[in-house]
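This report refers to the structure that appears directly beneath it.
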Amino acid sequence: MSGRLRETLSGYGLLAPAVTMVFLLALVPVISTVWLSLHNELPIFAISEFIGLENFSFLLRDPRFWNAVGNTAYFVVGAVSIELVLGLGIALLLNRKSIMRGPLWALVMIPWAVPNVVAARFWEWIFNADFGVLNYLFGAKINWLGDPFWAIHSAILADVWKTTPFVVLLLLAGLQAMPEDVYRAARVDGAGTWRIFWHITLPLLRPIMLVVLLFRTLDSARIFDLIFVLTGGGPANRTETLAIYAYKLLYRTLQFGYGSAVAVATFVAIFLVTLPYLWLLRKSWRFQER
């Protein structure tokens, strides 16, 4: 056996445990869910029959599914947009040399350290219509979690508070990795703060911003625990996301077949949403390599 072949086999042998674990922990559940989505599976009535794509056919006509799609899309766009703008502003502030940068950085990171369920309970008390601090500060009587309009926006606000530190962390890392020589040259040429930001900082930061958008979109699209604790998907299903709808089908009404179909549709939708991000990210990296 040649030395190169021995090294190749040794490499495959080292990779085998990791590949096996990924297959068992990730691919097997996915395959099982896809197979289950092709069945009419109602264990409470002892029904288990193969029906092919009928679950997906019904899904396309299910108004509650499309309501969940709309809620999820609205939540993702609202939360991710605010987090990116707010996170960029905070990252630019923390990137400046200041004696207060350390304490500010610690203060910003506190929400990220709080578990999601704890954060949801924390905001549930803030949004309380009778005793919440928000109504006390505004001198109002708004039912933040019971009104269909305010409920989804309250969930977005809670998510922004919880996950903006993650955006700040990545953007600040990108800012601190930028070459200082480029900024010195721009200042020597007479470029102002806004021109430097628009023509130097943003283009150099674009790949990191795309990574942030990719991760936050993936995370927001599968949001469950925060909204589930806050509203349970209500009122009137206004905050019912795809993950919450799938959960209710699977564990409340025990519609394992149709619930699995919704879960598969959610996975496919999230996968399709990530493709433009990956294309833009690849294009941005190629542009910077030139």
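Below, each value reflects all heavy atoms present in this structure, side chains not excepted, and no hydrogens, waters or symmetry copies. Each residue takes its place number in the sequence, starting with 1.
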Worksheet item: Does the side chain of Trp144 come under 3.5 Å of the side chain of Asn135 through a donor N or O and an acceptor N or O?
Response: yes
Worksheet item: Can you tell me how far CG of Asn55 sits from CG of Leu249, rounded to the nearest 0.5 angstrom?
Response: 10.0 Å
Fill in: Contact summary for Ala243 and Ile223, nearest pair of heavy atoms
CB-O, 3.5 Å
Worksheet entry | Contact summary for Leu250 and Gln255, nearest pair of heavy atoms | CD2-O, 4.2 Å
Item to complete: Taking all non-hydrogen atoms of both residues into account, name the closest pair between Ser220 and Val80 and its distance.
Response: OG-CG2, 3.7 Å
Discussion item. Show, in sequence, the C-alpha distance, side-chain angles and deciding distance for Tyr74 and His153, and conclude whether the ring pair (Phe, Tyr, Trp, His ring centres under 6.0 Å) test is met.
Written reply: CA-CA 10 Å; Tyr74 188 85; His153 297 96; 5.5 Å; yes
Worksheet item: Do Leu202 and Arg206 have side chains that get closer than 4.5 Å, going by heavy atoms?
Response: no
Practice prompt. Grab the two heavy atoms, one from Leu242 and one from Thr72, that are nearest each other, plus how far apart they are.
Written response: N-OG1, 3.0 Å
Worksheet entry | Between OG1 on residue Thr231 and CG on residue Asn237, distance to nearest 0.5 Å | 10.0 Å
Discussion item. Would a single hydrophobic cluster contain both Leu84 and Val76, if residues Ile, Leu, Val, Met, Phe, Trp and Tyr are joined by side-chain heavy-atom contacts under 4.5 Å?
Written reply: yes
Discussion item. Could you check whether atom CH2 of Trp150 has more than 12 heavy atoms from other residues, nucleotides or ligands sitting under 6.0 Å from it?
Written reply: no
Worksheet item: Is the number of heavy atoms from other residues, nucleotides or ligands under 6.0 Å of Arg64 CZ greater than 12?
Response: yes
Worksheet entry | Backbone N/O of Val28 and side chain of Ser32: donor-acceptor pair under 3.5 Å | yes
Could you list the donor-acceptor pairs under 3.5 angstrom formed by side chains in residues 256-270, with sequence neighbours left out?
from, atom 1, to, atom 2, distance (Å)
Tyr258, OH, Asp62, OD2, 2.6
Ser260, OG, Phe256, O, 2.6
Thr266, OG1, Val262, O, 2.8

Discussion item. Going by the rule salt bridge (charged side-chain N to carboxylate O under 4.0 Å, His left out), which residues pair with Asp147 if we only count those two or more places apart in sequence or in a different chain?
Written reply: none
Worksheet item: Could you walk me through whether Leu214 and Leu218 pass the side chain to side chain contact (heavy atoms under 4.5 Å, CB included) check?
Response: CA-CA 6 Å; Leu214 175 62; Leu218 289 171; 4.1 Å; yes
Discussion item. Would you say OH of Tyr251 has more than 12 non-hydrogen atoms from neighbouring residues, nucleotides or ligands within 6.0 angstrom?
Written reply: no
Response to the item:
Correct closest heavy-atom pair for Thr239 and Gly234 would be OG1-O, 2.5 Å
Discussion item. Please determine whether a side-chain nitrogen of the Lys or Arg among Lys162 and Asp159 lies less than 4.0 Å from a carboxylate oxygen of the Asp or Glu.
Written reply: no
Item to complete: State, with a plain yes or no, whether a side-chain heavy atom of Tyr277 is found less than 4.5 Å away from one of Phe215.
Response: no
Discussion item. Please find the pair of heavy atoms, one from Pro235 and one from Pro148, that lie closest to each other, and give the distance.
Written reply: CG-N, 3.6 Å
Worksheet item: Between Arg222 and Asp219, is any pair of side-chain heavy atoms under 4.5 Å apart?
Response: yes
Practice prompt. Output the distance between atom CG (Leu175) and atom CG (Leu94), rounded to the nearest 0.5 Å.
Written response: 9.5 Å
Worksheet item: Are Glu54 and Arg61 within salt-bridge range, i.e. N to O under 4.0 Å?
Response: no
Worksheet entry | Phe65 and Val69, any side-chain heavy atoms less than 4.5 Å apart | yes
Discussion item. Hydrophobic cluster membership, with links at side-chain heavy-atom distances under 4.5 Å among I/L/V/M/F/W/Y: are Ile152 and Val229 in one?
Written reply: no
Fill in: Proximity of Tyr245 and Trp66 rings by center, below 6.0 Å
no
Item to complete: Name the orientation class of the two ring planes belonging to Trp194 and Trp198 (parallel below 30°, tilted from 30 to 60°, perpendicular beyond 60°).
Response: parallel
Discussion item. Would you call the rings of Phe228 and Phe224 parallel, tilted or perpendicular, taking 30° and 60° as the class edges?
Written reply: parallel
Item to complete: Supply the atom-to-atom distance Leu88 CG to Leu170 CG, rounded to the nearest 0.5 angstrom.
Response: 12.5 Å
Discussion item. Let me check something: do Leu92 and Leu107 share a hydrophobic cluster, defined by ILVMFWY side-chain heavy atoms less than 4.5 Å apart, either directly or through other members?
Written reply: no
Worksheet entry | Side-chain H-bond candidate by donor/acceptor type, Asn116 with Asp225, under 3.5 Å | yes
Fill in: Euclidean distance, Asn95 CG relative to Ile90 CD1, rounded to 0.5 Å
13.5 Å
Worksheet item: Would you say Thr274's side chain and Phe271's backbone share a donor-acceptor pair under 3.5 angstrom?
Response: yes
Practice prompt. Nearest 0.5 Å please: distance from the CZ atom of Arg238 over to the CD1 atom of Ile227.
Written response: 10.5 Å
Throw together a table of side-chain donor-acceptor distances under 3.5 angstrom for residues 38-51, partners on residues two or more places apart or in other chains.
from, atom 1, to, atom 2, distance (Å)
His39, ND1, Trp35, O, 2.7
Asn40, ND2, Glu49, OE2, 3.2
Glu41, OE1, Ser48, OG, 2.9
Glu41, OE2, Ser48, OG, 3.2

Discussion item. Hydrophobic clustering (ILVMFWY, side-chain heavy atoms < 4.5 Å, transitive) - are Val160 and Val77 grouped together?
Written reply: no
Worksheet item: Do Val182 and Leu205 belong together in a cluster built from hydrophobic side chains that touch within less than 4.5 Å?
Response: yes
